[in-house]
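Sequence positions, counted from 1, serve as the residue numbers for this chain. Numbering of ligands and ligand atoms starts at 1, following listing order.
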Amino acid sequence: MLVVMQPNASAADIERVCDEIVRQGFKPLPMPGETRTAIGLLGDDSKIDWSHIEGLPSVASVLIVQKPYRQAAREWKTESTIVEIAPGVRVGGNEVVVFAGPCSVESEEQIIASARAVLAGGATALRGGAFKPRSSPYAFQGLGLRGLQLLALARAETGLAIVTEAMDEHGADLVAEYADCIQIGARNMQNYSLLRHVGKMGKPVLLKRGMAATINDLLLSAEYVLSEGNPNVILCERGVRTFDSATRNLFDLTAIPVVHKLSHLPIVADPSHGTGLRDKVIPMARAAVACGADGILVEVHPTPDKALSDGAQSLYPEQFVQLVRELKAIASAIERSIAPPPVKAPVSAT
Ligand code: PEP
Ligand code: MN
């Protein structure tokens, strides 16, 4: 439930509504907006006596949020959410943010070369896994803590914001120490204890759609993070499994406008995992920007043929340069722009 106050409501009026919500045994969540304040009500609101609230001074209306994912719903918050992952790097505004880098952090030389290449190509953020969820236990599992340290080094070197995956609660604490944004991968989208854990942290979370998850499932997973008090959630479409083996996954671009209608949260698109094939990444990245994605997550490797994971879908640096050039034209056609790369502003490596 959401209580919308009149634009001229006083602080005392807002407090009175909050007190009434508390009196009825629920938790109020005041959300000041540009013109008016709305007060969300957390908990099972099926038994609330809303007539008491509706009659209080300066209450404009009481809305029952019908969606199961209350706080993620557009009804809960009409303004689009902008998640700032690092100073000046905002996801969900008019600028489309380009996250690029290798699938995995493999060595100092590889991640620094990747960071320099994506910076030169026009990326704003560096992606790269230190903890890798691999289908086979015998495949490269990532460098772990050393990988995080190397990502921090790459940030110090280039000023790029860092996004990297955490696979469990302990990993999330480590990622939060070194990175700007915690990625929750497709395989962990429904790991509810991990979602609650990152929900208790303030760090931005990039939540990828599970490979067999509906959009409703994705938004409910986001709700786990929001319900613990972390509003900084970025969704990510990365393709779903279907019967067709022509591509690695079916890259569901319809999810972008669907999510924008249902939710105020930003959504980025990952055409690399979405297609699994280098020559399909470029056209689908273009399409993702055209359909309104708030960012693009794309795998780029200095030597894809030698990559320890996902080489077949990783772009060559020169392809990435060309891609960003094209994305700028597409963004401008829909009155958006591509977020600028950082002006080299090195920060501490720890
Ligand atoms: C990744 O981004 O490297 C990754 C493992 O992605 P996903 O969780 O979407 O498979
Ligand atoms: Mn990958």
Side-chain angles (χ1 to χ4, degrees), residues 85 97-106 110-111 114 118 123 125-137 139-144 147-148 150-151 161-168 171-172 175 179-191 194-195 198 204-213 215 217-218 221-222 233-242 247-253 255-256 267-278 280-281 284-285 288 293 295-315 320:
I85 60 169
V97 176
V98 178
F99 303 77
C103 180
S104 306
V105 181
E106 299 169 5
Q110 175 255 14
I111 197 65
S114 303
V118 302
L126 177 67
R127 59 138 294 139
F131 300 105
K132 293 304 303 176
R134 305 304 301 281
S135 301
S136 163
F140 176 60
Q141 306 284 306
L143 299 181
L148 296 180
L150 293 176
L151 285 167
I162 303 293
V163 181
T164 191
E165 178 163 358
M167 298 202 302
D168 53 32
V175 167
D180 298 293
C181 181
I182 308 171
Q183 178 172 318
I184 303 294
R187 292 156 190 80
N188 270 315
M189 189 204 84
Q190 286 172 308
N191 181 338
L194 178 59
L195 295 174
V198 298
V205 173
L206 181 97
L207 177 63
K208 293 188 114 185
R209 181 178 181 179
M211 53 187 90
I215 291 171
D217 293 335
L218 173 64
S221 288
V233 179
I234 302 165
L235 305 170
C236 178
E237 167 57 44
R238 50 77 73 206
V240 290
R241 285 259 164 95
T242 64
T247 52
R248 181 175 175 184
N249 289 297
L250 181 73
F251 190 37
D252 179 14
L253 279 184
I256 306 292
I267 179 162
V268 305
D270 171 355
S272 303
H273 296 87
T275 64
L277 301 162
R278 186 180 301 126
K280 310 293 181 295
V281 171
M284 297 317 289
I296 297 291
L297 193 84
V298 61
E299 288 186 340
V300 180
H301 195 288
T303 48
D305 311 329
K306 295 190 189 137
L308 297 183
S309 58
D310 286 349
Q313 68 193 32
S314 299
L315 298 184
F320 177 67

>> My understanding is that only residues two or more places apart in sequence, or in another chain, count here; which of them pass salt bridge (charged side-chain N to carboxylate O under 4.0 Å, His left out) with R209?
In response: E237, D252
>> With a cutoff of 4.0 Å, is R209 in contact with ligand 1, counting heavy atoms of the residue only?
In response: no
> Among all protein non-hydrogen atoms, which one is nearest to atom 5 (C) of ligand 1, and what is the separation to 0.1 Å?
Replying inline: E165 OE1, 3.8 Å
>> Which residues pass the side chain to side chain contact (heavy atoms under 4.5 Å, CB included) test with D168, not counting sequence neighbours?
In response: H170
>> Below a 4.0 angstrom heavy-atom separation, can you tell me which part of M211, side chain or backbone, both or neither, approaches ligand 1?
In response: neither
> Do the side chain of D180 and the main chain of I162 share a donor and acceptor less than 3.5 angstrom apart?
Replying inline: yes
> What atoms of ligand 1 come closer than 4.0 angstrom to any heavy atom of R187?
Replying inline: 7 (P), 8 (O), 10 (O)
> So which N/O/S atom does E299 have closest to the Mn ion (ligand 2)?
Replying inline: OE2
> Below 3.5 angstrom, do we get any N/O pair linking K208 and ligand 1?
Replying inline: yes
> Side chain of S272, backbone of E299: donor and acceptor closer than 3.5 Å?
Replying inline: yes
> Which of the atoms in ligand 1, numbered in the order shown and given with their element, are less than 4.0 Å from a heavy-atom of E299?
Replying inline: 3 (O)
> Taking both backbone and side-chain atoms of R238, is any N or O found less than 3.5 Å from an N or O belonging to ligand 1?
Replying inline: yes
>> Check this for me, if you would: do K132 and E165 make a salt bridge, where the nitrogen-to-carboxylate-oxygen distance has to be below 4.0 angstrom?
In response: no
>> To check your reading of the model: name the closest protein heavy atom to atom 4 (C) of ligand 1, its residue, and the distance in Å.
In response: H273 NE2, 3.5 Å
> Got V298 and L315 here, is their nearest side-chain heavy-atom distance under 4.5 Å?
Replying inline: yes
> Does any N/O atom on Q183 come nearer than 3.5 Å to any N/O atom on ligand 1?
Replying inline: yes
>> Using only atom types and a distance under 3.5 Å, with no angle test, would you say the side chain of R187 pairs donor to acceptor with the backbone of G210?
In response: no
>> Within the 4.0 Å heavy-atom shell around A186, which atoms of ligand 1 are there?
In response: 7 (P), 8 (O), 9 (O)
> Do R248 and Q313 have side-chain atoms, one donor and one acceptor, less than 3.5 Å apart?
Replying inline: yes
> In ligand 1, which numbered atoms sit nearer than 4.0 Å to a non-hydrogen atom of G185?
Replying inline: 8 (O)
> When you measure from the Mn ion (ligand 2) to each N, O or S atom of H273, which atom gives the shortest distance?
Replying inline: NE2
>> So, of the N/O/S atoms that D310 has, which is the nearest one to the Mn ion (ligand 2)?
In response: OD2
> Just wondering, do V105 and L150 contact through their side chains at under 4.5 Å, heavy atoms?
Replying inline: yes
